[in-house]
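Down below is the structure, laid out as structure tokens.
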There are 2 protein chains.
Amino acid sequence: MNPPAAPQSRRERLRAETSAEIKDIALKLLGEGGPDAISLRAIAREMGMTAGAIYGYYENRDTLVTALITDVYGTLLDTAEAARDKVPATDPAGRIVAWGMAVRAWALANPEGFRLIYGDPVPGYRPPAEGPVAEAGHRACAALTGLVAAAWPKARKLQSATSAWSDFDPALVAQVREEFPGLPPEALALSLRVWARMHGPVSLEVYGHLGRQSRDLTALYRAELADLVRSLGL
Amino acid sequence: MNPPAAPQSRRERLRAETSAEIKDIALKLLGEGGPDAISLRAIAREMGMTAGAIYGYYENRDTLVTALITDVYGTLLDTAEAARDKVPATDPAGRIVAWGMAVRAWALANPEGFRLIYGDPVPGYRPPAEGPVAEAGHRACAALTGLVAAAWPKARKLQSATSAWSDFDPALVAQVREEFPGLPPEALALSLRVWARMHGPVSLEVYGHLGRQSRDLTALYRAELADLVRSLGL
DNA sequence: CACATTAACTGAACGCCGTGTAGTTAATGC
DNA sequence: GCATTAACTACACGGCGTTCAGTTAATGTG
């Protein structure tokens, strides 16, 4: 995926390859059998190794899971950003809808990945408050803030609640203020709500709660996105 | 909880008591240690029994989990309905906000319960498509439809997408049409969207995704509910 | 080249888990 | 008083994450 072309010793290269192979097999098992199928023993079995050997590459199972989440989260955001960028920046509403549809499509195509990111991925796992997963969250947040920023001139009037930069994570604030200077904290708050609004239907659908009530969930989601852009004054 | 006062033999009574004790201890373990703490062995240990004995009361672990979900889902809905009913029916917007706030408050007070209902409760568990869990979902849905029904005269104008009764689960449709005669299928579709709109922020918060971005999530949620009732024309 | 070092890995163990099954105990119904 | 049966235990199986002593193979050094 990302070989930084730095000259490595043979040992380092092999090590990196094994490390990547572990992750790849874990992702394969995730896709095939869901989060539960990610067991160190199963991975090792697949590689012709012993489970203990993995501890030379990842501190423990949770560390590996965190690496997986980081990867999967990254591909989700890549997908969403690509879909967004197919719509010209002159059409902010279209970009928001494109993002939303892409997220849902990805989630339905990779339900296990979605569960890994947004659910209880694996028995005792708790996502660390800091680290790459939080950064992926910030990336998602910043992207949504970009979508909101494009709509902000119109959306501003519809916002009543006030916010302060101090309400938000410092790292996120720094990222957002650099990328979108002049944007007020209220826009960041709004982007979180936009995030949640897209997340709700997708999460309910992926976990099977909506499917028990209705078919044609696509239409439902489209209607929700339409209402969302209307809420933003677009 | 619900002793139906039917005359039972001593055996039946003891049996029911044991069955309830298993569930209660499972709920206790759930609250103390999260979904992972629900193991047949741990429950049996707590009761001074062996794990195998539980199989006399529940077919397997998943059956027990389903019973737990049913219970927990029921208390969530009881809580939300109680909060809703504290607001007079003449204030549909207030009832919707009350419902939403109650659901979030319950979820934050019982995160393990929320995860049990809406997440991956336990390693290999998959909620059955039929049975008490689906019924609880229908109950939630029907209650939300009631909230939407009260706002329908105003909300109707804001709905563009069309729906048909055949788009929905027959049992749910029967329930809704009996309770709210004259209400069109579009209202039911809208209630699902309302559900999802409340679910998004709560789910993200419970799973720690929003907390990594912002403090003061209560204000965020309030703003979202305010926007929701505005979307409904209230 | 030979040697010491060290990284990579195995194999076995520990204590968990869900799930069966054969055998025991105690209450029930006749 | 006795046969039946429900309730339960004891044990076993395979799976899990994790640790650790020991082995093997590659590396760097004289």
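Hydrogens, waters and symmetry mates play no part in the numbers below; they use all other heavy atoms, side chains included. This structure is a prediction, so every number in the text was calculated from the model and none was measured.
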A:D36 CG to D:dG17 P, in whole Å, measures 11 Å
Rounded to whole Å, CD1 of A:I22 lies from P of D:dG17 at a distance of 13 Å
Exercise for the section: Could you tell me whether B:Y207 and A:H199 have their ring centroids closer than 6.0 angstrom? Expected result: no
Separation of C:dC14 atom P from A:L40 atom CG, nearest Å, is 20 Å
Exercise for the section: Report yes if the distance between the aromatic ring centroids of B:Y73 and B:Y118 is under 6.0 Å, otherwise no. Expected result: yes
A:N60 CG to D:dC16 C1', in whole Å, measures 14 Å
Between B:R15 and B:Y57, is NZ or CZ placed under 6.0 angstrom from the six-membered ring centre and within 45° of the ring axis?
-> yes
Worked check of side-chain contact (heavy atoms from CB on, under 4.5 Å) between B:F168 and B:C141: CA-CA 11 Å; B:F168 303 93; B:C141 222; over 6 Å; no
- Query: Under 4.0 Å: is that the gap between some side-chain N or O of B:R41 and OP1 or OP2 of C:dC16?
  - Reply: no
Between OH of B:Y58 and P of C:dG18 the distance, given in whole Å, is 15 Å
note: B:I54, atom CD1; C:dT19, atom P; distance rounded to Å ~ 10 Å
Considering only heavy side-chain atoms of B:A42, the closest of C:dC17, D:dT9, C:dC9 is C:dC17
When rounded to whole Å, the CD1 to P distance for the pair A:I43 and D:dT18 reads 11 Å
Whole-Å distance, B:Y125 OH to C:dT19 P, equals 13 Å
By the 4.0 Å heavy-atom rule, please label B:S39 as base, sugar-phosphate, or nothing. sugar-phosphate
Among the nucleotides C:dT10, D:dT18, D:dC8, whichever has the atom closest to the side chain of A:T50 is C:dT10
Margin query: If you compare every side-chain N and O of A:Y57 against the phosphate oxygens of C:dC9 (OP1, OP2), does one of them come in below 4.0 Å?
Written below: yes
Please check the phosphate of D:dA7 (OP1 and OP2 only) for any side-chain N or O of B:Y55 closer than 4.0 Å.
no
Quick note, A:R15 side chain, CB onward, closest among D:dA7, C:dA8, D:dT18 is C:dA8
Taking C:dA8, C:dT19, C:dT10 as options, the one with an atom nearest any side-chain atom of B:R61 is C:dT19
Of all heavy-atom pairs linking A:Y58 and A:A67, the shortest is CE2-CB, 4.0 Å
Would you say D:dG14 has OP1 or OP2 under 4.0 Å from some side-chain N or O of A:R45? no
